Chemist: 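One structure follows; several queries about it will come next.
Quantities reported herein were computed from a predicted structural model and do not represent experimental measurements.
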Amino acid sequence: MSFIISWIAYLFFSDKKRFHLYVFTVYIGIVLALITDLLMFVYPLWHYPGSKVEQFFIQLLNGFGLYFVVIYFFLQLLPKIQTILSVARYIFYWSIFAIILELFYLYIGFIEHGLWWNIMHSYIADWILLFLFYLHHRWASKYSIIK
């Protein structure tokens with residue numbers, strides 16, 4: 001369901017003319033998400049209920065649905081004037097959105113935390129990832145041959 005909702009949001013609200021500016025960073029995010037989800041089979045900090053096949057497809061659909069769209073919108077909606085304060089505030093808002101989404105998924109049983117992982121670790125990870133996506137996007141935009 002998240003996959004479908006994500007792509008409907010993308011189709012109606014994304015700035016597709018700027019796809020080339022965001023796609024490189026979005027794909028980096030997808031690769032990171034898929035790698036961490038694969039690592040969760042060995043060291044289960046979180047998991048999705050269901051069989052291994054169901055878990056695989058959930059992770060795949062999350063990677064190419066939810067993560068793609070969320071990272072795309074994160075980059076598309078970056079503040080026009082980027083100061084340390086404006087970017088920190090922007091990342092704060094997006095990390096709150098991510099935590100609310102994760103809390104909802106925890107509540108409905110779509111995802112479960114394991115071992116020592118908890119919501120605070122997710123919040124810190126969200127800050128780190130969003131900041132890395134921001135830095136990567138700035139770096140990629142600076143050296144892109146497509147403007």
Chemist: Which heavy atom of Ile91 sits nearest a heavy atom of Trp127, and at what distance?
Modeler: CG2-CE3, 3.3 Å
Chemist: Under 4.5 Å between side-chain heavy atoms, hopping through other hydrophobics if needed: is there a path connecting Ile119 to Ile108?
Modeler: yes
Chemist: Check whether any side-chain heavy atom of Asn118 sits under 4.5 Å from a side-chain heavy atom of His121, and report yes or no.
Modeler: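 Answer yes - side chains close enough.
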Chemist: Within a 6.0 Å radius of atom CG on Leu11, are there more than 12 heavy atoms belonging to other residues, nucleotides or ligands?
Modeler: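 For Leu11, atom CG is crowded (more than 12 foreign heavy atoms under 6.0 Å).
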Chemist: Any link between Val31 and Phe19 through a network of hydrophobic side chains (Ile, Leu, Val, Met, Phe, Trp, Tyr) touching at under 4.5 Å?
Modeler: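 Yes, one cluster joins them.
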Chemist: Heavy atoms, side chains only, cut-off 4.5 Å: are Val69 and Val26 in contact?
Modeler: no
Chemist: For a ring-ring contact (aromatic ring centres under 6.0 Å, His included) with Tyr48, tell me which candidate from Phe56, Tyr105, Phe110 qualifies.
Modeler: Phe110
Chemist: Rounded to the nearest 0.5 Å, what separates atom OG in Ser122 from atom CG in Leu45?
Modeler: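 One finds 9.5 Å between OG of Ser122 and CG of Leu45.
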Chemist: Under a 4.5 Å cut-off applied to non-hydrogen side-chain atoms, are His47 and Met40 in contact?
Modeler: no
Chemist: How many angstroms lie between CD1 in Ile71 and CG in Leu66, if you round to the nearest 0.5 Å?
Modeler: 9.0 Å
Chemist: Any non-hydrogen side-chain atom of Phe24 less than 4.5 Å from a side-chain atom of His136?
Modeler: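 Side-chain contact under 4.5 Å: yes.
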Chemist: To the closest 0.5 Å, what do you measure between CG (Leu60) and CG (Leu34)?
Modeler: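 So the gap between those two atoms works out to 6.5 Å.
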Chemist: Taking the side chain as every heavy atom from C-beta outward, state whether Leu130 and Tyr90 have any pair of such atoms under 4.5 Å apart.
Modeler: no
Chemist: Crowded around Lys16 NZ? As in, over 12 foreign heavy atoms under 6.0 Å?
Modeler: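 Atom NZ in Lys16 is crowded, with more than 12 foreign heavy atoms closer than 6.0 Å.
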Chemist: Contact between Val70 and Ser6 at the side-chain level, heavy atoms closer than 4.5 Å - yes or no?
Modeler: no
Chemist: Between Leu21 and Ser141, which heavy-atom pair has the shortest distance, and what is it?
Modeler: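 Where Leu21 meets Ser141 most closely, the heavy atoms are O-OG, 4.5 Å.
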Chemist: Same cluster or not: are Tyr93 and Ile84 linked, directly or through other Ile, Leu, Val, Met, Phe, Trp or Tyr residues, by side-chain heavy atoms under 4.5 angstrom apart?
Modeler: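 In one cluster with Tyr93: Ile84, no.
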Chemist: Anything under 30° is parallel, anything over 60° is perpendicular, the rest tilted; go ahead and classify Trp117 against His113.
Modeler: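 It falls in the perpendicular class, over 60°.
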Chemist: For a ring-ring contact (aromatic ring centres under 6.0 Å, His included) with Trp7, tell me which candidate from Phe68, Phe64, Phe13 qualifies.
Modeler: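 Going through the options one by one, the only one that passes is Phe68.
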Chemist: When you measure from the side chain of Gln76 to the backbone N and O of Asp15, does any donor-acceptor pair fall under 3.5 Å?
Modeler: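 Yes.
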Chemist: So does Phe73 get a backbone contact from the side chain of Ser14, meaning a donor-acceptor N/O pair under 3.5 Å?
Modeler: no
Chemist: With Tyr22, which of Tyr72, Phe133, Tyr10 fulfils ring-ring contact (aromatic ring centres under 6.0 Å, His included)?
Modeler: Tyr72
Chemist: Give me the atom names and distance for the closest heavy-atom approach of Ser86 to Pro79.
Modeler: O-CG, 4.0 Å
Chemist: For Tyr134, which residues count as a side chain to side chain donor-acceptor pair (under 3.5 Å) partner, sequence neighbours excluded?
Modeler: Gln82, Arg138
Chemist: Taking the side chain as C-beta and beyond, is there a heavy-atom pair between Tyr67 and Leu32 under 4.5 Å?
Modeler: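 Side chain of Tyr67 against side chain of Leu32, heavy atoms only: no contact under 4.5 Å found.
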Chemist: Would you name the heavy atoms of Gly63 and Ile30 that are closest together and state the gap between them?
Modeler: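 Smallest interatomic distance, heavy atoms only, reads O-CG1, 3.1 Å.
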Chemist: Does Phe41, at its CZ atom, have more than 12 non-hydrogen atoms belonging to other residues, nucleotides or ligands within less than 6.0 Å?
Modeler: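 Check passes, neighbour count above 12.
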Chemist: Tell me, with the steps shown, if Asp37 and Trp46 meet side chain to side chain contact (heavy atoms under 4.5 Å, CB included).
Modeler: CA-CA 9 Å; Asp37 283 345; Trp46 64 83; 3.4 Å; yes
Chemist: For the CG atom of Leu106 and the CD1 atom of Ile99, what is their distance to the nearest 0.5 Å?
Modeler: 9.0 Å
Chemist: Please say yes or no: joined through hydrophobic side-chain contacts below 4.5 Å, possibly via intermediate residues, are Leu135 and Leu85 part of one cluster?
Modeler: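 Different hydrophobic clusters.
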Chemist: Decide whether Ile4 and Leu61 are clustered together by the hydrophobic rule: side chain heavy atoms of Ile, Leu, Val, Met, Phe, Trp, Tyr closer than 4.5 Å, transitively.
Modeler: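 Cluster IDs for Ile4 and Leu61 match.
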Chemist: Side chains of Ile124 and Asp126: closer than 4.5 Å at any heavy-atom pair?
Modeler: no
Chemist: With a 6.0 Å cut-off on ring centres, are His137 and Phe74 close enough?
Modeler: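 When the ring centroids of His137 and Phe74 are compared, they turn out to be at least 6.0 Å apart.
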